[in-house]
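Data first, discussion second: the structure below is written as structure tokens.
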2 protein chains.
Amino acid sequence: MATSTVENYLKSILRLQRRSGSTAVGEVARELSLTPGTVTTMMRHLSGEGYVDYQPRRGLRLTPDGESAALRVVRRHRLIELFLVQVMAMDWTEVHEEAEQLEHVVSDRLIDRMDEMLGRPTRDPHGDPIPDAEGNIVAMEALPLAEVESGMYRVVRVSDQDPDLLGWLDEKGMTIGEEFELSHCNRAAGVLEIVREEAERLQMGMQVAERVFVESVSA
Amino acid sequence: MATSTVENYLKSILRLQRRSGSTAVGEVARELSLTPGTVTTMMRHLSGEGYVDYQPRRGLRLTPDGESAALRVVRRHRLIELFLVQVMAMDWTEVHEEAEQLEHVVSDRLIDRMDEMLGRPTRDPHGDPIPDAEGNIVAMEALPLAEVESGMYRVVRVSDQDPDLLGWLDEKGMTIGEEFELSHCNRAAGVLEIVREEAERLQMGMQVAERVFVESVSA
DNA sequence: TCTTTTATCTTGATTATTCAAGATATATGT
DNA sequence: ACATATATCTTGAATAATCAAGATAAAAGA
């Protein structure tokens, strides 16, 4: 019964608290492009509803209720994204925005139909894990390409937010599952280079490499 | 850019003005379960936006802009209903509510994908005509079963609002395209009887017959 | 025409969500 | 420890959508 606005707050908090287990008013405000005052007001409200544990000036975190509500939204979002790509033949560059809207209105019934039709999938088109109906989610341990040593890797996840990034990756064939070797990595220059079959080279900037998550291939 | 609320007002007005070409504040209020005062306020607003031509105490009607906005919503609604039945294998009793939500958020892109996937259909699962992308719509001349003489008929449309009604019709096999003979019709008693193949008889009340639209079969 | 009923309108208030701008607390640097 | 910077909070106001209840106009009946 949470409004779309509330669902979006919960989703953001879930993302932001992933690292340290908690987050702050300012982070949420930045994430949602709102003023801190707006977020403070909402945190008081969500705290009253039992969705977040909010200690003024100390920080905030989701309660178990808040977390399961957030996971329900994430599940919807990711199933919808996969559905749009697999069934509707839409492009992975354009499904994020669409899912962002649909996630707040599709019924449980329809979500389950999608889930069934897709064979109870565990990953969305960008490699993000899809929580099951109980909120269980497969942990992802992948590191950003920007933070690993030279070696052989496989793309397991990419950030789904930016259509331009996704478009470029797609064009270069850097989709989920793609394997390659990280050859040079000049952190100072902010550039790194990878090599794929046929000695094909590809350079990319660090802002890109921050958003491509890889796992090591035991060649 | 209209909000869901505005879209719902426009849809209601389109329905209500079908008979006489215009409607009244009270009718809209009843249709949407709102108080007349609320509707008055909204009519002033919609009038300012150029969606309705509102003459206080005289009545209201959609402007050409309002009509095309309303038809866009109706198109979405009906395409979504058909999509849910055809592709998602959902039941015609349950798709109305789902479409009611989705119609306000699906992108033009996704709607066109559905349209394409369904082969540019002209009728939804309840027999209602689907406007094309330009707002052109096939006129429907069917009469309610409650208002016709004895004879042979074919079901061409049923009201999509009430799941119980749809459930009953489905159970009795009274789906779109079904042919039958209207035998008795006792308007005073509010009951009427039809006969189908194998001399199978079926009685129904007038509230039901008001919502089943038929066209004559030239046997 | 006069009265009664019904439809419509107006006013004041409420809820959810947001911002701007000023006040206050916390953290940082010297 | 003190000044400065940053984060957070508070207050007052705005917008969209709504209702309740009283005021007014229009339609219907005698």
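In this text, all values refer to a predicted model and were calculated from it rather than measured experimentally. Chain A is the first sequence line, chain B the second, and so forth, proteins listed ahead of strands; every chain is numbered from 1.
Under 4.0 angstrom from either OP1 or OP2 of D:dT18 there lies no side-chain N or O belonging to B:Thr41. Taking side-chain N and O atoms only, B:Thr5 has a distance below 4.0 Å to OP1 or OP2 of D:dA17. Taking side-chain N and O atoms only, B:Tyr54 has no distance below 4.0 Å to OP1 or OP2 of C:dT8.
Atom CZ of B:Arg157 is surrounded by more than 12 heavy atoms from other residues, nucleotides or ligands within 6.0 Å. Heavy atoms from other residues, nucleotides or ligands lying under 6.0 Å from CZ of A:Arg211 number 12 at most.
Both A:His45 and B:Gly26 sit near DNA chain C, but only B:Gly26 has its closest nucleotide nearer the 5' end. Place B:Glu27 and A:Ser33 on DNA chain C by their nearest nucleotides, and B:Glu27 ends up nearer the 5' end.
Following rounding to the nearest Å, A:Leu46 (CG) and C:dA16 (P) show an atom-to-atom distance of 12 Å. The separation between A:Arg44 atom CZ and C:dT17 atom P is 14 Å, rounded to whole Å. Computed from coordinates, the A:Met42 CE to C:dT15 C1' distance equals 12 Å when rounded to whole Å. The CG-P distance, from B:Leu60 to C:dT8, rounds to 9 Å in whole Å. As rounded to whole Å, 8 Å separates atom P of C:dT17 from atom OH of A:Tyr9. Between A:Leu34 atom CG and C:dA16 atom P the separation is 17 Å, expressed in whole Å. Put simply, CZ on A:Arg58 is 7 Å from P on C:dT26, counting in whole angstrom units. Rounding to whole angstrom units, CE of residue A:Met43 and C1' of D:dA7 are separated by 15 Å.
Within the 4.5 Å cutoff, the side chain of A:Thr5 has heavy atoms near those of the A:Met42 side chain.
Base engagement by A:Thr38 is indicated by at least one non-hydrogen atom pair under 4.0 Å involving a base atom.
Using a 4.0 Å cut-off between charged nitrogen and carboxylate oxygen, B:Glu81 and B:Arg76 do not count as a salt-bridge pair.
For A:Arg57 and C:dT26, a side-chain-to-base donor-acceptor distance below 3.5 Å is absent, hydrogens and geometry of angles not being considered.
With C:dA20, D:dC9, C:dT17 as the candidates, the nucleotide lying closest to the side chain of A:Pro56 is D:dC9.
Not one N or O on the side chain of B:His45 forms a donor-acceptor pair closer than 3.5 Å with the backbone of B:Thr41.
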